[in-house]
Amino acid sequence: MSSPHASPRSGAPSVRRLLPPGLLFALPFLVLFALFMVWPLVQGLWMSLTDTSLSAHTPGFVGLDNFTEAFQDAEMWRALGHTVWFTVLSTVPLVVVALGMALLVHTGLPGQWVWRLAFFAPYLLPVGVVSLLWIWLYQPDLGLLNHLLDVVGIGPVGWLSDESVAMWAVALTTLWWTVGFNFLLYLAALQAVPDHLYEAAAIDGADAWRRLWSITLPQLSRITAVVTVLQVLASLKVFDQIYLLTKGGPNGSTRPVVEYVYDVGFTGYRLGYASAISYIFFALVLLASAAQYAALRRREK
């Protein structure tokens with residue numbers, strides 16, 4: 001017969017004894033992650049196998065029909081091509097310009113805090129404010145950009161209405177808006193370069209350009225790889241600024257794949273088909289990420 005004064009340790013094991021301490025700390029995050037990430041992924045995958053619609057009919061199982069239709073959908077591939085083109089247009093300047101800005105500030109320009117604020121401040125603006133500002137700048141008759149072109153004797157440009165120019169205009173807006181984040185990453189990396197490398201190069205008679213090519217850029221190779229990977233992933237998921245600036249126009253020439261998913265699901269009411277397109281795009285993004293990661297690992301060896 002057990003004593004009424006038996007220790008609680010002799011009874012059923014407590015939750016603390018069953019679970020490792022680290023897991024107890026991580027449990028709230030794991031619950032939220034499963035609720036808001038894992039479950040939507042599973043639910044979306046199931047939806048992609050049905051003909052779920054915003055209409056009133058009960059969804060039915062269609063298997064891989066949505067995926068088969070997506071691979072044969074010319075508009076989906078066109079939107080995917082626009083996404084890749086925007087990624088190329090935006091990633092290269094967002095890396096190169098950010099590096100140039102960081103180098104200018106790091107060289108010791110007077111009033112460094114002003115330059116840092118000016119370069120980073122646009123990144124703090126919400127996308128709605130940025131889009132409205134650049135819509136005004138792109139106005140064909142009253143916009144500042146066309147006014148500057150008129151001053152130098154160049155005719156007006158349909159920045160958001162010309163199919164051959166609209167994507168360039170969106171990329172320019174994205175560059176102005178988001179380059180500040182990459183600028184901060186590069187500036188932090190520059191401040192971590194050991195000073196003794198520059199001192200030794202100066203003793204050897206290396207000029208500024210030689211120090212840049214032989215010391216600075218090699219020391220920044222790792223952060224350049226990180227910035228490039230982050231920028232590619234961010235550009236592939238573009239939606240907000242394109243939707244606010246052009247709504248995918250003119251004539252669908254700037255519509256990215258994420259906006260196509262939105263149009264199919266919430267304008268065409270075909271949530272099942274939109275889910276299938278989303279998972280195809282998700283797989284392509286994973287492949288691009290894996291390729292970039294493999295290339296980065298090869299460079300480090």
Side-chain angles (χ1 to χ4, degrees), residues 84-125 127 129-131 133-134 137-138 144-145 148-149 152 154 157 159 165 167-202 204-238 240-242 245 288 292 295-296 299-300:
V84 173
W85 178 228
F86 172 81
T87 301
V88 173
L89 284 181
S90 60
T91 299
V92 175
L94 278 169
V95 173
V96 175
V97 174
L99 174 59
M101 291 162 52
L103 289 172
L104 285 175
V105 173
H106 188 67
T107 54
L109 291 174
Q112 283 199 18
W113 70 270
V114 177
W115 293 101
R116 296 184 187 189
L117 176 62
F119 290 158
F120 184 70
Y123 183 74
L124 302 177
L125 297 176
V127 63
V129 174
V130 173
S131 300
L133 172 64
W134 281 87
L137 293 175
Y138 288 141
L144 176 62
L145 295 183
L148 295 176
L149 292 178
V152 297
I154 301 177
V157 175
W159 296 99
V165 179
M167 189 64 84
W168 291 86
V170 174
L172 177 61
T173 301
T174 305
L175 172 64
W176 179 86
W177 177 33
T178 61
V179 71
F181 179 74
N182 295 342
F183 156 72
L184 279 189
L185 294 179
Y186 270 121
L187 187 60
L190 282 170
Q191 293 172 347
V193 178
D195 291 334
H196 66 81
L197 297 177
Y198 295 109
E199 294 171 357
D204 291 339
D207 58 12
W209 284 107
R210 174 55 61 186
R211 293 195 297 269
L212 173 65
W213 288 104
S214 300
I215 299 177
T216 304
L217 295 183
Q219 290 290 318
L220 296 179
S221 60
R222 186 182 298 269
I223 191 63
T224 298
V226 172
V227 169
T228 302
V229 170
L230 293 176
Q231 193 55 59
V232 167
L233 295 179
S235 296
L236 286 174
K237 297 182 294 182
V238 64
D240 298 349
Q241 62 267 42
I242 289 184
L245 287 170
Q292 287 184 304
L296 179 60
R299 290 183 58 183
E300 291 180 347

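- Rounding to the nearest 0.5 Å gives a distance of 8.0 Å between CG of Leu133 and CG of Leu125.
- Residues passing the side chain to side chain contact (heavy atoms under 4.5 Å, CB included) test with Asp207, sequence neighbours excluded: Trp209, Arg210.
- Atom OH of Tyr123 has 12 or fewer neighbouring heavy atoms from other residues, nucleotides or ligands inside a 6.0 Å radius.
- A donor-acceptor pair under 3.5 Å links the side-chain atoms of Thr173 to the main chain of Ala169, judged by distance alone.
- Not less than 6.0 angstrom separates the ring centroid of Phe183 from the ring centroid of Tyr186.
- Listed for the Arg211 side chain is a donor-acceptor partner under 3.5 Å among the backbone atoms of Ala206.
- Scanning both residues, Ala171 and Leu89, for their nearest heavy atoms gives CB-CB, 3.9 Å.
- Here the CG atom belonging to Leu172 is positioned 6.5 Å from the CG atom belonging to Leu175, to the nearest 0.5 angstrom.
- There is a side-chain donor-acceptor pair under 3.5 Å between Gln241 and Thr174.
- Between Asn182 and Ala98, the shortest heavy-atom distance links the atoms CB-CB, 3.5 Å.
- Scanning all heavy atoms of the two residues, the minimum distance from Ile223 to Leu185 falls at CG1-O, 4.0 Å.
- Across all their heavy atoms, Gln292 and Thr228 have their closest contact at NE2-O, 4.0 Å.
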> Do Leu190 and Thr216 pass the side-chain contact (heavy atoms from CB on, under 4.5 Å) test, and can you show the C-alpha distance, the side-chain angles, and the key distance before you say yes or no?
Replying inline: CA-CA 8 Å; Leu190 282 170; Thr216 304; 3.5 Å; yes
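- Around CH2 of Trp176, the count of heavy atoms belonging to other residues, nucleotides or ligands within 6.0 Å exceeds 12.
- In this structure, the separation between OG1 on Thr91 and CG on Leu236 is 7.5 Å, given to the nearest 0.5 Å.
- In this structure a side-chain-to-backbone donor-acceptor pair under 3.5 Å is missing from Ser235 to Val232.
- Listed by chain and residue number, Leu137, Leu148 satisfy the side chain to side chain contact (heavy atoms under 4.5 Å, CB included) test with Leu144 (two or more places apart in sequence, or in another chain).
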> Please walk me through it: do Val157 and Leu145 pass side-chain contact (heavy atoms from CB on, under 4.5 Å)?
Replying inline: CA-CA 9 Å; Val157 175; Leu145 295 183; over 6 Å; no
>> Let's go through Val227 and Leu94 carefully: what are the C-alpha distance in whole Å and the side-chain angles of both, what is the deciding distance for side-chain contact (heavy atoms from CB on, under 4.5 Å) to 0.1 Å, and is it a yes or a no?
In response: CA-CA 9 Å; Val227 169; Leu94 278 169; over 6 Å; no
> So Phe119 and Leu184, side-chain contact (heavy atoms from CB on, under 4.5 Å) or not? Walk me through it.
Replying inline: CA-CA 9 Å; Phe119 290 158; Leu184 279 189; over 6 Å; no
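- Across Pro122 and Trp177, no two heavy atoms sit closer than the pair O-CD1, 3.0 Å.
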